[in-house]
Each structure stands twice: as structure tokens, then as C-alpha cells.
There are 2 protein chains.
Amino acid sequence: MDQDTHVPTIKDVAKKANVSAATVSRVLHNLSGFSDRTKRKVLQVAEELGYRPNAIARGLVNKRTQTIGVLFPNVSGGFSTDILHGMEEAAHENGFSIIVCNTARDGERTMKYLQVLREKQVDGIIFASQVIKDDYVTELAAMRVPVVLVNTLASKDSIPYVKVDDQQAAYQATTYLIQNGHREIAMIAGTLGDRLTGLPRLKGYRQALEDHGIPFSESRVAYGDFQLEGGRSAMEKLLSEAPPFTALFAASDEMAIGAMGVAFEGGIKIPRDLSIIGYDDLIVSRMIYPPLTTIHQPLALMGRSALEMLIALIGGKQEVSNRIVQHRLVERGTVRPLARD
Amino acid sequence: MDQDTHVPTIKDVAKKANVSAATVSRVLHNLSGFSDRTKRKVLQVAEELGYRPNAIARGLVNKRTQTIGVLFPNVSGGFSTDILHGMEEAAHENGFSIIVCNTARDGERTMKYLQVLREKQVDGIIFASQVIKDDYVTELAAMRVPVVLVNTLASKDSIPYVKVDDQQAAYQATTYLIQNGHREIAMIAGTLGDRLTGLPRLKGYRQALEDHGIPFSESRVAYGDFQLEGGRSAMEKLLSEAPPFTALFAASDEMAIGAMGVAFEGGIKIPRDLSIIGYDDLIVSRMIYPPLTTIHQPLALMGRSALEMLIALIGGKQEVSNRIVQHRLVERGTVRPLARD
DNA sequence: TTGAAAGCGCTAACAC
DNA sequence: GTGTTAGCGCTTTCAA
């Protein structure tokens, strides 16, 4: 019905305003070199015609798309979501758009996405909390666009990142439990193979135990995948197989929440019978009951930071420094001091 | 250092393979009209050079970007997240990319996004759970791209949508409470002004009460914004101002969870002292304790559906029919039958 | 079976 | 101040 009416281009504006396309372009970009009169005329005609520049055409000539690709291991889950939120905000402020990709922790899928992003000529890429395989690095290099990592590291530290100091944070979480009188402390760690965020947290836990003269016992550690379900099964395992424990450190809030559910179902009261500390501080963590004591990561801020680093890189900055953001322990309702014997 | 090496274009491939760019294009698209020998040659050279087609250039020619824009009122929050997940999945399967936009329920911001999406020549747009203002409709019309709605409606039903029957679902939720012996039932409704998902749920609640001979009392209704914080304040208001109630229907799981937190803090045990039923069935809802009894909406499926409808429309389909997806009540741990007097 | 040429909508020299 | 020209990388007639 109105399919016939044609979408106005810069030429249409030029013609109707009796100027050249170049002049229209100048006016629209507020460059120098046109009289006030032409400016008004052009603007008015553009308005009349309902003209909107075509970013695709523009992108073709200046090789910039103002678009960046972001890869997450799982878009659902409060974790990715909070980070995405910060990124989206920063992107919008800086005139960029974000293409989201859900890699589902799958290598092939990730490669596929990387190719799509390459073809779409994104100006830069962000990887969030994902193990960076060598394949990716190769593809990334071929793309010749800047890359920033959130909450993860590349093998040789070769890609700029923003993250917290996982090991130290885990150390602090564990120490907090110890200071509250706990000595029998279990842990639900992240994916076993994950040396980047999984391992450091485990190390921090272990180190804290050792520094306080508490023997580390492998049997008190169960492995999850950072997600709710993983937390649940890990907790079930601990409850049935591990030596008794009075406190638990979960390497993610989702796992902590999953574990809490299992505990409650088993009639274990938190924090009366068991103290739990999480890791992340998702929005939901303060909303559940009892509200979760946890290590706060400024997720939205991390997303924002990463995006800003990336934009700086895109803008020609040669190097940006990695950013270790501050975590902090937030005391809420899931840890109780143990009376000393 | 390697900034000089130039990114290979179709011409480079053509030259090196001793054919024309046209032929390369044909081979790459598997069109007819080339010998097997050229095909092999072209493919091999393309591989050698590490050639990747430029989707921007292609988009300029065929006016298709294989990209769609999705607008959410808030990207964080389990709700949008679950929908996005379904969309992302379907998009990926169909060779589309998704640009996410967080409108923050702000009209101006939404318009701004719409303009960006227009300039970026997205092939279609999805609005998720947002009131559709007339401004948007105008802009959308000017964009000449198909639009699909998830969990919302446009004023004159003029835009295809996928959603559940809110009123009926709310009716069912409320009836369930009544069937469990509750007669003093409060509600935390959605945004007051929102006639699209807010109002129908309120109506369903009200209708259920009336159909069972229970007088509706405005004082037992508080309004939230579908989010956690809104649920908290609404609950505080109900607790302090409303006549006593034994059951609560919250128009979103987030609000239900927020309300549960407030209840617990006030020493109110759920479901012993108060029964709660939510609406959405977020992933987290089954993980908290007690697990939330709620109205299940197939969020990921709805996202997927919407995306598939949109792709059909983009593909030239003239019309798609609206889709009312099935909700269902899932009984978990937050509602208890009230002993009859 | 293949190539030449035009053009998608825009920008960026380079003229005048 | 402003227009002309060329060209970004690709697809698509139209000829050959």
C-alpha cells in the first residue's frame, strides 16, 4: 500500500534543496563550509522529507559501524544480565549499539559468532566470563578489531581485561567465615577445568584455610557450573558425602542460592545450622530470604568499564591498562558467628 | 605492525583467481553459471586469502542486514532475560543477529533507539513488555519494517503479538487461592497506568473474587513496577495499611520475591502465615525457598515465537496471526490450604 | 560460463 | 561556499 513511496536518500534531499549531496552531508555533520541560508534550507528539506541517514552506507565508506559484539556464556542468569546492563548503558551514551551473542559455552558456536561479527564489521568485541580458546584468539586477530575481556583472562594476558582479584576475594570470603568461628568450611567451586575464575577462587579458599591452620580437605569441595542447578547438585553431594561442615563458601551467588534451597528442603536452617557466603552479589541476592552474605562484584560497572576501554581502543588508543576492580564483602543474613567451644 | 596488511575483498579473490568479482560472488552464493574448475579455484583462493564477505557492503546492495532490534524496558531482571534467551537462540538458528536496547521505560530513550535502529537498517523490530506509545507507532511506520510485540499490545491491536491471556491467568491464580480456602486476598498489581498487562491481571483478580462472592476491596491492592524493589514497597504498604489478609497474588515473580523478603523480615512465615502466588515463573522462582507457586509463562518460547513471527514477516509473509500462548499454574511451596472454619 | 558496468547511499578529496 | 568525482565492497543486469 505504501510500499511504493520511496525512502528518501541524501540525493533526494540535495535535489529538493537545490544543493549537492556533498553539501547536505556537510550540513548534517556540521562541518565547515556552507552558508547559514543553505544550512537552514537543507535542514528544513531533510525534515520535510523525513530523511534519515543510512548507517550501512556510511559504514561502508568510513569503515565504522558503531556496533560492538558481546559474547556471553549464557544470556540468562543474573550474572551476564547485570554486566550486559552496564555495557548497554555505556554503549548507548557513546553512540554504539550492542549485538548480543549467547555462546552457550560452546566452542563451535563461539567461532560461528565470531565470524558473523567479523562479517558485520563490528568495531570491537567483548568476551564475558568465558574461557578464551586459542582458536578465538586467531580469529580475533584476523578481524583486526580491539577486544576486551570481562571477568576472564586470555592465556598470555595478551588481551586487556577488567575483573576482580578472584583469589583475594575468595580468600577474604573464607577468612570471614573463619573469623566468625567456623573451621569446618565446605566450598562449592566453579567448573573444575576453568583455570581463570574457577581455580583462583578455589586457591583463595584453600590459602585462607592454610593461613589459619585449618587443614584443607578435598572431600569438602564440590564442583558446580556457577549456575543454580549446579549449586543444587553440588550441595546435595556435599550433604551426603562430605564430612560435616558449619559453613559454606559458594563461588557464585547462583550456586549459593541453589545450595540454600537444598539446605532448606533438608530442614537445615540458614544461618542457624549452616552459614553461607556467596560470590557476585546479584540483584536477587539481597532480595531472597535470608538475604545473602556475599562478595560484591560491581557487575554493571565492570560491563561499563569494559565497554569504555573498548571504545577507547576503537578510538585509536594504542593501549589500555587492565583493570582490577574492587570487590567487597557485604554482610547480610546468611552467616552467623559460631560460639567458641 | 600488521596494520598494513590489507583486508582481502572480493576483488582480491577475483584477481588472484583470474576471474571477475561477479564470478566470485556467484560461486560464493552457489548460484548457477560457473564451471567446476573455477569453483574450486575460487574457493581455494578465498580460503588462502582468508577472505570473509563484508556484510555491510552486501547490506547496502540488497537492503537486508540480517539484524533485528529488540527493545526491553529493563535488560536486567529475569523476565527480559529469559525472553531474550529464546530470541537469541531463534535468531542464531535463522542467521540473524540481535541488537539489544534498554529503554528503561523511557519514551525519549525509546524514540532515540528507534531512530538508531532505523539508521542501522535493521530488518525488523521486537518490543517486549512495554507500553507502545503513538509516537513509536509513527516512527515504526516510517521505518517500514515489520514489528512484533511480546507480552504487550498496541492500542488498536494493529501490531502482531505473542502473549498469554493475562486476565485469565490472573483469574486462575486468584481462584486457586480461593480454592485453597483463602478469602482475604491481597494483590500487588503492576504499574497502575499500564492498561496492557497491568490492568488485565488486576481485572482477573477482581473477577475471580466476585465470581466467588468475595467483595473486592481497593485497599487490598498495592501497585509495584513488576520489579523486586516495587514488590518490596508494595508489600510494606499492604502490611501497614491494608486489612489483614491470608494470601497474596503478585503480578510478577520479582514482586512476589520482594514481598516474600519483606514478609520474612517481619517474622511472617510463608506459607504458614501467608500464602503467595506469583506470575511469570522465572528460573530463580523455583530455586528460592520456599519455591514459589506461580503462573508459568513460557518466556523463552515466547521470545522464540516472536522472533519466528518476525522473520516470517521479513521474509515477505503478508500477515501472521497473533499468538496467545498457554500459561499454567505451577504448584510449589508458597501456598497452603487454609483450614475451613 | 564468464566479464563489464552500473549502482546501493554515503563521504572525502579536489576543484572552482 | 559549493559542486564534481571517485570509490567503499558487493550484487546484478546485460552482453558476449
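A, B, ... follow the sequence lines: proteins, then strands. Residue 1 opens every chain. What you see is a predicted model; the values in this text were computed from it and never measured.
- Counting any heavy atom pair closer than 4.0 Å across all strands shown, B/D36 reaches no nucleic acid atom.
- The side chain of B/V61 has D/dT11 as its nearest neighbour among D/dG3, D/dT11, C/dC10.
- Both B/K39 and A/Y51 lie near DNA chain C, and the one whose nearest nucleotide falls closer to the 5' end is B/K39.
- In this structure, A/I56 places its CD1 atom 13 Å from C1' of D/dC8, rounding to the nearest Å.
- Of the candidates C/dC8, C/dT1, C/dG3, the closest approach to any side-chain atom of B/L60 belongs to C/dC8.
- Within the 4.0 Å cut-off from OP1 or OP2 of D/dT2, at least one side-chain nitrogen or oxygen of A/S35 is found.
- With A/F127 as reference, A/Y136 is the one residue of A/Y113, A/Y136, A/Y161 to meet the ring pair (Phe, Tyr, Trp, His ring centres under 6.0 Å) rule.
- Residue-level contact check: B/T38 touches the backbone only, with heavy atoms under 4.0 Å from sugar-phosphate atoms and none from bases.
- Nucleic acid contact class of B/D12 (heavy atoms, under 4.0 Å, all strands): none.
- Rounded to an integer number of Å, the gap from CG of A/N62 to P of C/dC10 is 12 Å.
- Each of A/E108, A/R109, A/Q130 was compared with A/T103 under the side chain to side chain donor-acceptor pair (under 3.5 Å) criterion, and only A/Q130 meets it.
- No side-chain N or O of A/E119 forms a donor-acceptor pair with one of A/Q115 less than 3.5 Å apart.
- The phosphate of D/dG3 (OP1 or OP2) has a side-chain N or O of A/T23 nearer than 4.0 angstrom.
- Looking at the side chain of B/S25, the nearest of the listed nucleotides D/dC10, D/dT11, D/dT4 is D/dT11.
- A/N18 places its CG atom 13 Å from the C1' atom of D/dT2, with the value rounded to the nearest Å.
- D/dT11 atom C1' lies 15 Å from atom CZ of B/R64, rounded to whole Å.
- Remark: B/S20 is in phosphate contact with C/dG3, judged by side-chain N or O atoms under 4.0 Å from OP1 or OP2.
- The CZ-P distance, from B/R26 to D/dC14, rounds to 13 Å in whole Å.
- One interatomic measurement links the two molecules: CD1 of B/I10 to C1' of C/dT2, which rounds to 14 Å at whole-angstrom precision.
- D/dG9 atom P lies 18 Å from atom CZ of A/R58, rounded to whole Å.
- Of the two residues near DNA chain C, B/A22 and A/A22, the one whose nearest nucleotide lies more 5' is B/A22.
- Taking every side-chain heavy atom of A/F34 into account, D/dT2 is the closest of D/dT2, C/dG9, D/dC10.
- One interatomic measurement links the two molecules: CG of B/N30 to C1' of D/dT12, which rounds to 17 Å at whole-angstrom precision.
- Residues A/V122 and A/V145 share a closest heavy-atom pair of O-CG1, 3.3 Å.
- Side-chain contact of A/T67 with A/K120: a donor-acceptor pair under 3.5 Å is absent, judged by distance alone.
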